[in-house]
Amino acid sequence: SARVSSGPWLSLSSRAPREVDPTEVARRVFINNIPWSATEADIAVTFGNYGVVERVKIFQNPPGRSLGFGTALFETAEQAESAIANMNETEFMGRKIGVRKDTPKQQQ
């Protein structure tokens, strides 16, 4: 019978790369200069004026404080483009935000 080592390398198998929907990149926008007081719900409501927002993520440091940037995922690429056209360089909760297509990080 085969024996499996209980070495620490086994824990790495649970961190398999996340499958990414190829259409997701075209449907996702990057938002910068987000006010620290803004919530993901605030972004979803505002950006919902341009389409169906499926998911919002505000990136945070380990203690949980906003880093001032995030992403919003729309139902369609056309909705994402509309959000970029209408929200880039506009005021959101007292700050001028930047909105552009999100570009995926290269995996190293």
Side-chain angles (χ1 to χ4, degrees):
S1 82
R3 280 183 39 187
V4 177
S5 170
S6 61
W9 57 271
L10 285 177
S11 64
L12 296 177
S13 65
S14 65
R15 296 190 313 181
R18 184 172 75 94
E19 288 294 320
V20 176
D21 175 355
T23 68
E24 187 173 309
V25 173
R27 298 183 298 124
R28 193 172 56 227
V29 299
F30 178 83
I31 309 157
N32 67 336
N33 209 32
I34 298 170
W36 287 319
S37 61
T39 66
E40 291 173 348
D42 293 328
I43 293 171
V45 168
T46 300
F47 280 72
N49 291 317
Y50 305 101
V52 177
V53 178
E54 294 183 352
R55 183 174 66 234
V56 174
K57 176 159 181 69
I58 296 176
F59 293 89
Q60 301 176 339
N61 63 13
R65 182 178 168 131
S66 170
L67 294 174
F69 60 89
T71 59
L73 179 66
F74 286 86
E75 187 176 58
T76 68
E78 293 77 18
Q79 293 169 1
E81 292 289 340
S82 178
I84 292 166
N86 288 284
M87 292 296 297
N88 188 40
E89 298 296 319
T90 63
E91 190 173 300
F92 172 69
M93 296 179 65
R95 295 188 74 176
K96 186 184 277 192
I97 58 170
V99 183
R100 62 173 170 77
K101 286 185 177 181
D102 189 34
T103 52
K105 287 184 181 178
Q106 295 298 320
Q107 296 298 321
Q108 307 229 349

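What you see below is based on every heavy atom in this structure, not just the backbone, and it leaves out hydrogens, waters and symmetry mates. This chain uses plain numbering: 1 for the first residue, then up along the sequence.
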Nearest 0.5 Å, what's the CZ-CG distance between Arg28 and Leu73? 7.0 Å

Search all heavy atoms of Ala72 against all heavy atoms of Ile31 and return the closest pair with its distance. CB-CD1, 4.1 Å

When hydrophobic residues are tied together by side-chain contacts of less than 4.5 Å, even through go-betweens, does Val53 share a cluster with Phe30? no

Start with the C-alpha gap between Phe47 and Val99, add the side-chain angles, then the distance that decides, and say whether side chain to side chain contact (heavy atoms under 4.5 Å, CB included) holds. CA-CA 11 Å; Phe47 280 72; Val99 183; 3.8 Å; yes

Nearest heavy-atom contact between Ile58 and Ala38 is CD1-O, 3.6 Å

So Ser82 and Asn86, side-chain hydrogen bond (donor to acceptor under 3.5 Å, both in side chains) or not? Walk me through it. CA-CA 6 Å; Ser82 178; Asn86 288 284; 3.3 Å; yes

Looking at CD of Glu75 and CZ of Arg27, how far apart are the two atoms once the value is rounded to the nearest 0.5 Å? 8.0 Å

Do Val25 and Asp102 have side chains that get closer than 4.5 Å, going by heavy atoms? no

Looking only at non-hydrogen atoms, find the nearest pair between Ala83 and Phe74 and report the distance. CB-CZ, 3.5 Å

Can you see which heavy atom on Gln79 is nearest to which on Tyr50, and at what distance? CB-O, 3.5 Å

Just verifying a value: how many Å separate Met87 CE and Ile43 CD1, rounded to the nearest 0.5 Å? 9.0 Å

Distance in Å, Lys96 NZ paired with Asn32 CG, rounded so as to fall on 0.5 Å steps: 12.0 Å

Would you say Met93 ends up clustered with Ile97 if hydrophobic residues are merged whenever their side chains have heavy atoms under 4.5 Å apart, either directly or through other cluster members? yes

Shortest non-hydrogen contact from Phe69 toward Ile34: C-CD1, 3.7 Å

Closest heavy-atom contact between Ala26 and Ala80? O-CB, 3.8 Å

